[in-house]
Amino acid sequence: MTDLPARRLLLVHAHPDDESINNGATMARYAAEGALVTLVTCTLGEEGEVIPPGLAHLAADEDDTLGAHRTGELAAAMKELGVSDHRFLGGAGRFRDSGMMGVPQNRRPGAFWNTPVDEAAPYLVEVIRSVRPQVLITYDPQGGYGHPDHIQAHRVAMRAAELAADPAFRSDLGEPYGIAKIYWNRVPRSVAEEGFARLRAANVEFPGVADIDDIPGVVGDAEVTAEIDGSGYAAQKAAAMRAHATQIAVDGPFFALSNDLGQPLFTTEYYQLARGTSGAPAGERERDLFAGTVTGVATGGPGTTGAGAATDGTDATTTQETER
Ligand SMILES: [Zn+2]
């Protein structure tokens with residue numbers, strides 16, 4: 001534990017590829033700056049659609065081997081971002097991709113969406129208590145765009161943060177630890193609009209253009225509280241996205257998912273602070289997710305429990321209830 005880097009960032013995502021699309025530049029930048037970047041992915045993405053025709057046989061309705069293939073894509077993407085600590089929640093294959101909202105796979109035994117939050121959260125509590133991150137990044141309560149695994153990843157992340165700080169919860173999973181700051185992935189509407197204007201003006205090969213409301217996490221600019229300039233890591237982010245070749249087609253500063261609809265690839269990434277205290281002056285966006293946190297070797301003392309276990313726990317419980 002004394003070997004942990006001073007700054008530690010934890011990201012919780014639903015499927016392999018979500019991390020590179022949402023946070024690739026942020027991850028590459030903090031990893032390059034010496035922070036510990038830990039990625040926890042909740043499923044293998046077994047239900048994803050496959051873009052390259054030559055790999056179509058991997059899909060769930062054919063060979064059903066997409067999960068293993070995407071595990072390899074994720075490892076390659078992490079190499080591009082310089083991130084060495086990537087894990088699957090509960091171990092690879094513990095929870096299965098639930099598919100899009102409303103499909104029969106939602107109710108399959110072992111599907112992530114079909115798993116009680118309190119059954120999945122302890123696996124993340126163990127990670128939180130061992131890595132002791134000052135900062136957690138996950139989705140907003142709608143999972144960005146309503147995919148059941150994204151909604152569930154949000155719920156599990158928020159619940160695990162609360163439980164990890166609770167001294168009465170499962171001492172076998174490590175010493176209690178309160179995460180100082182929790183962020184949700186966001187895109188300011190003005191940035192999305194500008195990105196789509198660029199896309200429409202450009203000569204790209206995608207058959208269509210996505211709708212702005214299909215972009216996960218788009219909100220009014222005022223709700224965005226932090227922006228991380230990862231423009232110096234644009235190449236790493238694009239390379240990480242390319243590594244997810246079954247899921248993403250990249251064309252310059254644009255990309256498309258399996259729906260073939262182009263969308264902008266952002267190298268400045270945006271966040272909303274959902275728990276903890278902003279390190280920026282009032283009315284300004286933070287430019288560093290660690291701003292205002294106590295960084296250093298985690299020893300388990302009261303000085304390292306961030307914003308305070310009791311306060312966080314209370315807030316999290318309240319929010320959790322209103323979200324359901
Ligand atoms: Zn996803």
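In each ligand, atom 1 is the first atom listed, and ligand 1 is the first ligand listed.
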Open item on the list: Please list all pairs meeting salt bridge (charged side-chain N to carboxylate O under 4.0 Å, His left out) that have one or both residues in residues 16-26, counting only residues at least two apart or in different chains.
Closed with: D17-R70
Open item on the list: I'd like to know if E46 and R108 make a salt bridge, using a cut-off of under 4.0 Å between side-chain N and carboxylate O.
Closed with: no
Open item on the list: Under 2.8 Å from the Zn ion (ligand 1), which protein N, O or S atoms do you find? Ignore water molecules.
Closed with: H15 ND1, D18 OD1, D18 OD2, H150 NE2
Task: F112 and F95 aromatic ring geometry - parallel, tilted or perpendicular at 30°/60° bounds - done: tilted
- [ ] Quick one: closest heavy-atom pair of T295 and R7, and the distance?
- [x] CG2-CG, 3.6 Å
Kindly list each side-chain donor-acceptor pair under 3.5 angstrom involving residues 278-294, sequence neighbours excluded, with atom names and distances?
from	atom 1	to	atom 2	distance (Å)
S278	OG	A280	N	3.0
R285	NE	V224	O	3.3
R285	NH1	E227	OE1	2.8
R285	NH2	D221	O	3.2
E286	OE1	Y183	OH	2.6
E286	OE2	K181	NZ	2.6
E286	OE2	Y183	OH	3.4
E286	OE2	G279	N	2.7
R287	NH1	E227	OE2	3.4
D288	OD1	Y30	OH	2.6
D288	OD1	F290	N	3.0
T293	OG1	F290	O	2.8

Task: Set of ring-ring contact (aromatic ring centres under 6.0 Å, His included) partners for H147, sequence neighbours left out - done: H15, H150
